[in-house]
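These notes are about the structure you will find just below.
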Amino acid sequence: MIELESPQLEEKVTCFHCGEPCAEESRVFDSKHFCCQGCQTVYQVFSENGLTDYYTMDQRPGISLKGVADEGQYTFLEHPDIQQKLLDFHSETLSRLRFFIPAIHCSSCIWLLENLYRLHSGIKEVRVNFGKREASVSFHPGQITLRQVAELLHSIGYSPNIHLAHGEKQKKISQRIGMKIGVAGFAFGNIMLLSFPEYLGIEDMSEGLAQVFSYLNIVLALPVLLYCSQDYFRSAWKSLKQRFVNIDVPIAIGILVLFFRSTYEIISHTGAGYMDSLAGLLFFLLIGRWFQSRTYESLSFDRDYKSYFPLAVTRLRAGQEETVPVQELVAGDEILIRSQEIIPADAVLLSESASIDYSFVTGESDLQQMKKGDYLYAGGRQVGRRVGMLVQKPTNHSYLTGLWNHEAFGKPHEQKSRRTIDKISRHFTVVILSIALGAGVFWALVDSTNIWQTVTAVLIVACPCALAMSTPFTNGNVLRVLGRHGLYLKNADVVERMAEVDMLVFDKTGTITLPDGGQVKFVGEATTDELGVMGQLAANSTHPLSKKIHRLTGSLSTMKSVKKFSEIPGQGIEAWVEGREYRIGSSAFVTGRYAEGAEGTTRVYVAIDGENRGHFEVEAAFREGLEDLLDKLSGNYQWMVVSGDNEADKASLEKLFPENTPMLFNRKPEQKLKLIEDLQKEGHKVMMLGDGLNDAGALKISHVGFAVSDDTSAFSPACDGILYGPQLYRLDRFLAMAKGGRKVLLSSFGLSFLYNVVGLSFAVAAKLTPLFAAVLMPLSSITIVTFATVSVHLMGKTKKL
Amino acid sequence: MSVIVLLIGISLVVAVGFLLAFLWAMRSGQYDDTSTPQRRMLFDNKTARPKKEENKQEEDKEEK
């Protein structure tokens, strides 16, 4: 009897290409070790084309080709409609488009991709944008098709991600802001220069010269008013139309009053005007906006559910296979679904059998066996052979879109709970307007020549520039600190909502448990040789359990020749090795009997030549640091566990979680959604932590919904943030950070109010000189920016983030 | 003192020139990607893309 415990034998040789440990049977080519055929082929291609510098440029550049789906997935790129959506530029001799390639991770990647033309002469130029992980590829459509480009990238490990949403071309928002900053900065500097005599109080300047300077100031301020301020006017107008006062309303009022009062003063020769303050105000405001957009750019989020669906499917019409976009499917179409493809619409199975992975929808990881004529719901994933099916309902009526189209999706939280800044700004505007009115009335009684001057001065100095910058800089910096530790938030509002959370709901699969990992052991009788064969066989299967078995026994393998290998999806593996029949899989498949494993474990049975030899016991593994995390969270938060899976892991979960933790199993997505809804009705602010699509509704409806993902480049569903799985244990610190961010935000509000009080007291007393305004307004902005940035980063340090 | 008006006029022209240069740079996408060039410059010269010029011209033609 042999017992093997994981973790298994030490790593010895690592693959030259991908750096992963090689099994003992590793391939040697060109006196270098490779872990698999895929890696070796890539190396061969590179060395034949003089691209071996790839390996010396940076550490560990190669990308493992294990678990990569077959190339047929790019056939849809042949469809002209799809090509048109994706291509940025197209002509007879040149096409260009941007691919999003999540695998880009180092300098070598940039170098290799930009030298792609050496691999195929049809490729003209590749430019990589490292920050966005994008490659802009120009190619000759006559020499290489779009599909071939995608397949070429795929074959060297840089599989492009292509989604419909990606096809919709982005607008260059940050570019526009940059240009506006340039114009505002230009105006700011030059107006200050021309205002120098004014600042220095030079009185004996000739009247004519002073006039020239003032008129020049108006000219310089015009583009600031007409071009740079557009966004604020637009936003203010939009919010007024919705009978709501946002922060941009007082800003827009301030801008208008600044410009028109200054113009009036200059034309009527009564003063020098406040043009410098106006340009400075816009300059700083726009910098704040730019900072905000930079922060979000790196967290490109896509809430569009279209992104989950495949772009196109293979349709069978009159015996001919053709590729059509998903939207064009109609009831009655016959479609072919390959292994790992998502069923795009509700359909009836035409093939004899299929095994569908509904983990996307139900969270249940077991494959469901379907027979001919069974009804298949959209969102399932076919595993195994290619199957045919008959579409029943077009895509947008099906069950999944129904779930995604739940009103929670259409009406984001932002609408329900207004941001703190907007709440404040509503009162702020009212208060400012009444102060202006009060001051006006006062001066009407005392000295009527001062009315106009005072009222406008109040509106100018009260312009909530500093207030408007508090939020983007505080929350933006919090976002950056969190992002550095694997929590990527959709926007800054999430920070504010995180601070309000009082209840945590954990999903089980993929959130608390690790998608891979966990104890595996073999219980039974088998020689080392036989275990090695099992490892070798398991390597051929993509099933999660097979992967675990391969990790345990793969190193014992001596690479025997395998005959008649077949994998029956959802059942097991059958193969002949050296004249002996191996069967590995479920008990029903291997022993013909149905048997249940011990609690908390899954069993994989093994039989050789029909003789039962024992089983592998696979335990569910929990993420590290969970107990610690719960310990730190206790007292401040309540929590519960909700799972779409069965109760197999209940016992181990009970060990992990403190007593009295509510645990719910076998919950469907709608039930999870309902649960969250009910909890929120009871007054809880719920944070939902789930792994993916099956929680989409719950994630969306919760106060804060995080998708816990082990591959941040993989797309996550409608949620407020993506939490990198291994960082889950830091959740308490993330929450503390959000609360701290709130404190910093309130302090910056306090600071900017202080500035406003000082400025207002001068304005009300009719003593606001242009010079004073020109100093006070930028100073307040700079203080706020510095304060918010420094204090958030200090807080991050003290919280060990 | 009227010379100062002339000088200020000239200085503004120069400043506007720089502003236009900046706007052009921004529009032509020179600020779009600030992280890749710092890595790209470390690559050896032999990796320079010889086809770039020709490619650019072709593209310009097409766009016209």
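Numbers restart at 1 for each chain; the letters A, B, ... are given by sequence-line order, proteins then strands. We use all heavy atoms of the structure for the numbers below, so side chains are in, but hydrogens, waters and symmetry mates are not.
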>> For the CD atom of B/Gln30 and the CD atom of A/Gln175, what is their distance to the nearest 0.5 Å?
In response: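 Separation between the atoms: 10.5 Å.
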> So how far is it from A/Phe186 CZ to B/Leu12 CG, rounded to the nearest 0.5 Å?
Replying inline: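 Rounded to the nearest 0.5 Å, the CZ-CG separation comes out at 6.0 Å.
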> What pair of heavy atoms forms the shortest contact from A/Gly182 to B/Leu19, and how long is it?
Replying inline: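 Reported closest heavy-atom pair: O-CD1, 3.5 Å.
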> Which pair of heavy atoms, one from A/Ile110 and one from B/Arg39, lies closest together, and at what distance?
Replying inline: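 Result for this residue pair: CD1-CD, 3.6 Å.
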>> Just to verify, what does B/Tyr31 make a side-chain contact (heavy atoms from CB on, under 4.5 Å) with, not counting sequence neighbours?
In response: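 Counting only residues at least two positions away or on another chain, B/Tyr31 forms a side-chain contact (heavy atoms from CB on, under 4.5 Å) with B/Phe22, B/Ala25, B/Met26.
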>> Just to verify, what does A/Leu222 make a side-chain contact (heavy atoms from CB on, under 4.5 Å) with, not counting sequence neighbours?
In response: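 A/Leu222: side-chain contact (heavy atoms from CB on, under 4.5 Å) contacts with A/Leu226, A/Phe259.
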>> Are there over 12 heavy-atom neighbours, none belonging to A/Tyr215, within less than 6.0 Å of that residue's OH?
In response: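 Yes, enclosed.
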> Are any non-hydrogen side-chain atoms of A/Arg176 and B/Arg27 less than 4.5 angstrom apart?
Replying inline: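 A side-chain contact is absent here, since even the closest heavy-atom pair is not under 4.5 Å.
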>> Just so I know, are the side chains of B/Ile8 and A/Val212 near enough to count as touching, which here means a heavy-atom distance under 4.5 Å?
In response: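 Not touching, per the 4.5 Å side-chain cut-off.
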> Top residue by heavy-atom pair count (under 4.5 Å) with chain B, among A/Leu220, A/Asn129, A/Leu193?
Replying inline: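 Result: the option with the highest number of such pairs is A/Asn129.
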